[in-house]
Amino acid sequence: MAPPRHFLQLKDFSREELDHVFERTRSIKARFKAYQRYWPLQDRTLVMIFEKASTRTRLSFEAGMQQLGGSAIYLNTRDSQLGRGEPVEDAAQVISRMSDIVMIRTFEQEIIERFASHSRVPVINGLTNEYHPCQILADIFTFIEKRGPIQGRTVAWIGDSNNVCNTWLQAAEIFGFQVHVSTPPGYEVEAERAGLYGTDHFEQFADPMDAARGADLVTTDVWTSMGFEAENDERLRDFADWQVDADMMRAARADAVFMHCLPAHRGEEVAAAVIDGAQSVVWDEAENRLHAQKALMEFLLLGRVDD
Ligand code: CP
Ligand code: NVA
């Protein structure tokens, strides 16, 4: 049996494969909007394992699998044996014999890699401490929908160099755009942790206004990611000057869009005037999680499909 393909970080797929997934996202979204039934994954089962909280990821995977004709099962650490010390390798063997595809949200990337290496079926990263590749699939699809190709553009990342930031940096290498990152001192990007090949596609700025200048897309995320709650008070102090506000949006291009993976904290990493303002595309961005992940599951389970 050939080992299955997984989607554990964005660079697991080539540029060409990601472009195919975007093309399928467009088609699957159009059918969904036209209320056309599309059930290519009939009789297929997705297992979703959550070791951290979620609204969008759970909903988009569960609804998405149902809309493709399959079914989805939700497991969490609290009420499965995963929370009681069953080895991840054993869980992978068992879960992958009873399902067709698995999505996991967990802590260290190493956990999902160990699971995948013992899985008979494709495994999707639904967020780890290091990466959030499903989010960036949806984000880039959203940018292309709104503004056209992302190649050659500039993305400003303001705030924590977290899982979402790392995935933007991988995307920049794959698609050929620039990421201007501004973090408080002590929170800078670690190229190795981000899984980068080189540093050609990103630049770090001490001043967030400098990072935002001339950007086509300005984006941020919570100051304290899940799993880092113990640092919350310290982070509130350290990140106080890294809020995306109206001045920062004025430094970007006039047609720049604002994105946030959500959930957002208005008054912390983003001002209400920005996330609720005319340049914000956060609701389309959230919706596109659904369409992009349906295309991702179709690709992992059926390979290339054309209309
Ligand atoms: N953006 C995102 O992954 O949201 P959830 O944590 O609600 O899944
Ligand atoms: N960086 C955030 C993203 C939440 C979707 C976290 O990991 O908590």
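Residues: numbered from 1 along the sequence shown. It should be emphasised that the depicted structure is a prediction, and the values quoted were computed from it without experimental measurement.
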Checking the side chain of Arg120 only, and the main-chain atoms of Pro4 only, is there a donor and an acceptor separated by less than 3.5 Å? no

Do Asn166 and Glu190 pair up side chain to side chain, a donor and an acceptor below 3.5 Å, judged on atom types alone? no

Taking atom CD as the centre, does Gln42 end up with more than 12 heavy-atom neighbours from other residues, nucleotides or ligands that are less than 6.0 angstrom away? yes

Any donor-acceptor N or O pair under 3.5 Å, side chains Gln293, Ser60: yes

Residue pair Asn162 / Val164: nearest heavy atoms and the distance that separates them: OD1-N, 3.0 Å

Distance-only polar pair, side chains of Thr142 and Asp284, donor-acceptor under 3.5 Å: no

Over 12 foreign heavy atoms within 6.0 Å of CD, Glu229: yes

Distance-only, no hydrogens or angles: does the Thr167 side chain make a donor-acceptor pair with backbone N or O of Asn163 under 3.5 Å? yes

Taking all heavy atoms of Arg153 and all of Phe177, pick out the closest pair and write down the distance. O-CB, 3.2 Å

Backbone of Arg114 reached by a side-chain donor or acceptor of Ser117 within 3.5 Å: yes

Would a distance-only check, ignoring hydrogens and angles, find a side-chain to backbone donor-acceptor pair under 3.5 Å from Asn125 to Leu8? yes

Judged by atom type as modelled, is there a donor-acceptor pair below 3.5 Å linking the side chain of Glu62 to the main-chain atoms of Tyr74? no

Could you report the tightest heavy-atom contact between Gln170 and Gly195, atom names first, then the distance? NE2-O, 3.6 Å

With rounding to the nearest 0.5 angstrom, report the CZ to CH2 distance, Phe202 to Trp168. 15.5 Å

Counting C-beta onward and ignoring hydrogens, is there a side-chain heavy-atom pair between Tyr38 and Glu298 closer than 4.5 Å? yes

Does some side-chain heavy atom of Cys134 sit less than 4.5 Å from a side-chain heavy atom of Leu296? yes

With no hydrogens and no angle check, just 3.5 Å: does a side-chain donor-acceptor pair link Lys52 and Asn76? no

Tell me, please, whether Phe50 has Arg58 positioned over its six-membered ring: NZ or CZ under 6.0 Å from the ring centre and within 45 degrees of its axis? no

Checking the side chain of Thr128 only, and the main-chain atoms of Gln109 only, is there a donor and an acceptor separated by less than 3.5 Å? no

Any idea how Phe299 and His20 line up, ring-wise: parallel (<30°), tilted (30 to 60°), or perpendicular (>60°)? tilted

When every non-hydrogen atom of Val181 is compared with those of Ala211, the smallest separation belongs to C-CB, 4.3 Å

Is His6 reaching over with its side chain to a backbone N or O of Val123, donor-acceptor style, under 3.5 angstrom? yes

Do Asp160 and Thr183 make a side-chain contact, defined as non-hydrogen atoms from C-beta onward lying under 4.5 Å apart? no

Side-chain donor or acceptor of Lys11 paired with backbone N/O of Ile174 under 3.5 Å: no

side-chain hydrogen bond (donor to acceptor under 3.5 Å, both in side chains) between Asp139 and Gln135, worked out: CA-CA 6 Å; Asp139 290 7; Gln135 183 67 50; 2.9 Å; yes

Less than 4.5 Å apart, side chain to side chain, heavy atoms only: is that true for Val244 and Glu269? no

Find out whether Val155 and Gln178 are in side-chain contact, i.e. whether some heavy atom of one side chain is under 4.5 Å from a heavy atom of the other. no

Is a donor on one side and an acceptor on the other found under 3.5 Å between the side chain of Gln243 and the backbone of Glu268? yes

May I ask you to check whether Ser182 and Trp157 show a side-chain donor-acceptor distance below 3.5 Å? no

Which atom names give the shortest non-hydrogen contact between Glu51 and Phe107, and what distance separates them? O-CE1, 3.4 Å

Val274 versus Ser280, closest heavy-atom pair with distance: O-CB, 3.4 Å

Atom CD of Gln66 and atom CH2 of Trp39: how far apart are they, to the nearest 0.5 Å? 10.5 Å

In terms of heavy-atom contacts, does CZ of Arg304 have more than 12 from other residues, nucleotides or ligands at under 6.0 Å? yes

Leu18 versus Leu10: any side-chain heavy-atom pair under 4.5 Å? yes

Where the side chain of Arg253 meets the backbone of Asp216, is there a donor-acceptor pair that is under 3.5 Å apart? no

Quick one, Met65 and Leu41 - any side-chain contact, counting heavy atoms below 4.5 Å? yes

Note: Lys146-Glu285 ion pair, threshold 4.0 Å (strictly below): no

If you apply the rule side-chain contact (heavy atoms from CB on, under 4.5 Å), what do you find for Thr57 with Arg105, and how did you get there? CA-CA 9 Å; Thr57 303; Arg105 168 168 287 195; 2.8 Å; yes

Test Thr106 against every option in Thr77, Leu127, Ile111 by the side-chain contact (heavy atoms from CB on, under 4.5 Å) rule and name the one that passes. Ile111

Which of these passes salt bridge (Lys or Arg N to Asp or Glu O under 4.0 Å) with Arg193: Glu188, Glu130, Glu110? Glu130

Working to the nearest 0.5 angstrom, can you tell me the gap between Ile95 CD1 and Thr45 OG1? 13.0 Å

Does a side-chain heavy-atom distance below 4.5 Å link Val257 with Gln279? no

